[in-house]
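Report on one structure; see the data block that follows.
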Amino acid sequence: SQTIHQWPATLVQPVGSPLSLECTVEGTSNPNLYWYRQAAGRGLQLLFYSVGIGQISSEVPQNLSASRPQDRQFILSSKKLLLSDSGFYLCAWSRQNYEKLFFGSGTQLSVL
Amino acid sequence: DAKTTQPPSMDCAEGRAANLPCNHSTISGNEYVYWYRQIHSQGPQYIIHGLKNNETNEMASLIITEDRKSSTLILPHATLRDTAVYYCIARYNQGGKLIFGQGTELSVKP
């Protein structure tokens with residue numbers, strides 16, 4: 001069966017510090033991968049999605065970047081965090097051209 | 001992808017059916033209707049999806065109107081654990097991105 005791992009579960013970082021969140025998927029190959037963010041009390045915002053290694057699509061201009069160094073690994077990064085980067089970050093995967101998204105358990109990021 | 005409109009919140013008594021409406025008046029002929037739910041501080045969970053016909057699975061039923069401009073998600077016997085935000089999404093079934101709206105916050109009360 002397929003599983004998605006996302007870590008850490010919570011993270012507190014000072015403004016201006018770097019960020020690296022990692023997500024890995026097991027039990028499938030060539031998945032679509034996604035990063036979403038949810039600000040407090042608001043809906044889910046799609047940040048990045050990837051249909052293959054090295055292929056990243058950015059949905060909104062921001063202080064973040066994403067990379068996919070391996071087929072089942074998706075990384076969300078920032079060189080310098082802003083207060084506005086605080087939120088609940090979710091990684092998700094789906095099969096190529098398939099309908100269901102499967103989400104990780106999320107990372108609660110607080111930038112102070 | 002077509003825009004969907006949902007009420008921001010609803011209440012339901014435990015054990016009763018919860019009927020969550022969704023309007024998608026601009027949906028195109030090959031866009032599917034998807035439902036996900038998000039329990040607080042967790043990732044969203046897929047519930048059900050459909051194109052034209054009504055669908056049922058172990059979690060819920062999906063009723064789509066004949067003109068496909070609206071749909072209803074039915075939780076037949078709501079429990080306290082069904083308290084969550086429910087998202088209705090219209091999308092092409094060709095992979096790619098899934099765009100979430102604000103959803104309906106369902107509160108199931110004893």
Side-chain angles (χ1 to χ4, degrees), chain A residues 2-11 21 23 25 28 30-52 55-60 66 74 86-110, chain B residues 1-9 20 22 27-28 30-53 55 57-60 62 64 71 73 84-107:
Chain A
Q2 300 83 23
T3 55
I4 179 169
H5 302 280
Q6 187 181 344
W7 66 92
T10 59
L11 189 61
L21 300 180
C23 172
V25 180
T28 189
N30 199 27
N32 287 335
L33 296 172
Y34 311 81
W35 279 110
Y36 285 85
R37 177 173 62 197
Q38 188 169 36
R42 305 186 67 178
L44 286 154
Q45 178 186 37
L46 178 62
L47 301 177
F48 302 95
Y49 71 97
S50 171
V51 298
Q55 301 178 61
I56 309 294
S57 296
S58 175
E59 287 298 297
V60 293
F74 206 23
S86 294
F88 188 48
Y89 289 81
L90 286 155
C91 180
W93 76 274
S94 69
R95 293 185 178 89
Q96 293 285 342
N97 298 330
Y98 193 69
E99 60 271 14
K100 298 178 186 178
L101 257 67
F102 301 92
F103 284 82
S105 53
T107 295
Q108 184 64 53
L109 172 66
S110 298
Chain B
D1 298 332
K3 178 180 171 60
T4 62
T5 303
Q6 300 176 254
S9 63
L20 292 93
C22 179
I27 197 169
S28 66
N30 52 357
E31 281 187 287
Y32 285 70
V33 178
Y34 286 81
W35 284 84
Y36 283 75
R37 74 178 182 184
Q38 186 179 21
I39 296 171
H40 182 63
S41 297
Q42 297 182 24
Q45 175 191 25
Y46 165 84
I47 301 174
I48 199 168
H49 76 283
L51 182 63
K52 295 180 181 179
N53 300 321
E55 302 288 344
N57 63 20
E58 66 279 3
M59 292 182 67
L62 175 60
I64 302 174
S71 60
L73 179 74
V85 178
Y86 288 77
Y87 297 97
C88 169
I89 303 160
R91 69 179 292 224
Y92 295 100
N93 203 25
Q94 294 298 320
K97 50 191 176 181
L98 192 70
I99 306 299
F100 288 80
Q102 294 300 310
T104 296
E105 186 169 6
L106 175 68
S107 297

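Reckoned from all heavy atoms, side chains included, excluding hydrogens, waters and symmetry mates. Order of the sequence lines fixes the chain letters, A, B, ..., with proteins taken first and strands second; residue numbering starts at 1 for each chain.
Only the side chain of A:Q38 comes within less than 4.5 Å of a heavy atom of chain B; its backbone N, CA, C and O stay farther away. Proximity to chain B (any heavy atom under 4.5 Å) is restricted, for A:L90, to the side chain, taken from C-beta onward.
B:Y34 has its side chain out of reach of A:L101: every pair of non-hydrogen atoms, C-beta onward, lies at least 4.5 Å apart.
Rounding to the nearest 0.5 angstrom, the gap separating the NZ atom in A:K100 from the CD1 atom in B:I48 is 10.0 Å.
Around the CD atom of B:E105, the shell of radius 6.0 Å holds no more than 12 heavy atoms that belong to other residues, nucleotides or ligands.
Chosen from B:G103, B:S41, B:G101, the residue pairing most often with chain A at heavy-atom distances under 4.5 Å is B:S41.
Across B:Q42 and A:F88, no two heavy atoms sit closer than the pair O-CE2, 3.7 Å.
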